[in-house]
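The block underneath contains the structure these notes are about, expressed in structure tokens.
One-based numbering, in listed order, for ligands and for the atoms of each. Keep in mind it's a predicted model, so treat the numbers as computed, not measured.
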Amino acid sequence: MGESTALRVGVLGARGKVGQAICAAVDAASDLELVAEVDKDDALDDLVAARAQVVVDFTHPDVVMGNLEFLISHGIHAIVGTTGFDEERIARVRGWLDEHPGAGVLIAPNFAIGAVLCMRFAEQAARFFDSVEIVELHHPNKADAPSGTAARTAELIGAARKAAGCADIPDATTSELDGARGAEVGGVRVHSVRLAGLVAHQEVLLGTQGETLTIRHDSLDRSSFAPGVLLGVRGISDRPGLTVGIDPFMDL
Ligand SMILES: NC(=O)C1=CN([C@@H]2O[C@H](COP(=O)(O)OP(=O)(O)OC[C@H]3O[C@@H](n4cnc5c(N)ncnc54)[C@H](OP(=O)(O)O)[C@@H]3O)[C@@H](O)[C@H]2O)C=CC1
Ligand SMILES: O=C(O)C1=N[C@H](C(=O)O)C[C@H](O)C1
């Protein structure tokens, strides 16, 4: 009997909340084979021993860079959901990829299809409104604030408004308690809520004279991230180098 033609997939952070959902999705896909489930204190070499072709990383911002350096240096494609990527980190990943041009890395602030569309719609709407603010709401175990999704949404909105020559967002605040007006990203205020019972949610609030528009996305379950991750897993070998966001994998 010949060897299976299924794509060999490893998962880093396999016992985590999202990692478990990804393992289940890979396991259920007939064209994919789950060959390694790696978590804290397991050896990264297990991924090499299992001959993983693509590895999905949902771990922690403190460890993801080490994981990526290892994967790229071994020519293993990486699909990364872990947050904490700023420009300096992205530049370091590009540097590693320059030395291993065959490897592909996809880093996405959010793999839920609806969240990607929420970001797109917000970017499109931004120039038509005087005001825009973002409220992101997550489970209380989240390490980073604001969420990677909210930060990316704010950057996209800020860039769209700048390109359209929009005025600064009006705000007459002259005295405030620290944090009362949220954090500023790309000129946009971002507010972070951490609440037991939640998974991952975001509202983009837009307002202008006499009307408001609210764009809201809710991940009600971690399985919401799996279809986007599998899009990346299946497509990454055709996209060597770095891709940020799953938009091109969705033909957006
Ligand atoms: N881009 C996206 O669509 C999404 C991104 N995320 C992001 O993904 C990350 C993980 O989220 P979540 O699943 O909720 O977090 P969890 O804490 O539930 O899972 C992370 C897992 O990774 C493990 N881990 C820690 N260090 C290592 C390591 N060095 N090697 C392998 N595994 C390790 C943790 O172990 P231990 O618990 O023992 O430390 C844990 O099992 C976060 O950054 C989150 O923001 C989350 C959802 C969607
Ligand atoms: O930590 C989470 O849970 C999530 N993290 C990502 C983020 O920071 O945007 C994606 C999603 O919001 C869930």
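Looking at heavy atoms from C-beta onward, Gln20 lies out of side-chain contact with Val11 at the 4.5 angstrom threshold. Residues Ile134 and Arg189 are not in side-chain contact: their nearest non-hydrogen atoms beyond the backbone lie 4.5 Å or more apart. Annotation: side chain of His139 is not in contact with side chain of Arg194 (no heavy-atom distance under 4.5 Å). When side chains are defined from C-beta on, Glu155 does not count as touching Val188, because their heavy atoms never get closer than 4.5 Å. By the 4.5 Å heavy-atom criterion applied to side chains, Val80 and Val64 are counted as neighbours.
The contact set between ligand 2 and Thr149, taken as ligand atoms under 4.0 Å from a residue heavy atom, comprises 7 (C), 9 (O), 10 (C), 12 (O). Contact atoms of ligand 2 toward Ala200: 11 (C), 12 (O), 13 (C) (distance under 4.0 Å to a heavy atom of the residue). Which parts of ligand 2 touch Asn110 is read off a 4.0 Å heavy-atom cut-off, strictly below it: atoms 10 (C), 11 (C), 12 (O). Each of the following atoms of ligand 2 lies closer than 4.0 Å to a heavy atom of Thr83: 6 (C), 7 (C), 8 (O).
Protein heavy atom in closest approach to atom 5 (N) of ligand 2: Lys142 NZ, 3.1 Å. Distance from atom 12 (O) of ligand 2 to its nearest protein heavy atom, with residue and atom name: His138 NE2, 2.6 Å.
In this structure, His139 counts as a contact residue of ligand 2, since one of its heavy atoms falls inside 4.0 Å of the ligand.
For the pair Asp218 (side chain) and Leu220 (backbone), a donor-acceptor distance under 3.5 Å is absent. Between the side chain of Arg8 and the backbone N or O of Arg51 there is at least one donor-acceptor pair closer than 3.5 Å.
A heavy-atom cutoff of 4.0 Å around ligand 1 is satisfied by the protein residues Leu12, Gly13, Arg15, Gly16, Lys17, Val18, Asp39, Lys40, Phe58, Thr59, Pro61, Val63, Gly81, Thr82, Thr83, Ala108, Pro109, Asn110, Phe111, Lys142, Phe225.
Using a cut-off of 4.0 Å between Lys/Arg side-chain N and Asp/Glu carboxylate O, Asp144 and Lys142 are scored as salt-bridged.
For the pair Gly148 and ligand 2, the shortest N or O to N or O distance falls below 3.5 Å.
Screening His217, Glu136, Gln202 against Thr153 for a side-chain hydrogen bond (donor to acceptor under 3.5 Å, both in side chains) leaves a single residue, Gln202.
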Donor-acceptor list for residues 237-252 side chains, cut-off 3.5 Å, not counting sequence neighbours:
residue: Asp247; atom: OD2; partner: Arg120; partner atom: NE; Å: 3.0
residue: Asp247; atom: OD2; partner: Arg120; partner atom: NH2; Å: 3.2

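Neither the backbone nor the side chain of Lys17 comes within contact range of ligand 2; no heavy atom lies under 4.0 Å.
Inspection of the Thr214 and Glu203 side chains reveals no N or O donor paired with an N or O acceptor under 3.5 Å.
Remark: among candidates Ser147, Pro109, Gly84, the nearest residue to atom 6 (C) of ligand 2 is Pro109, based on non-hydrogen atoms.
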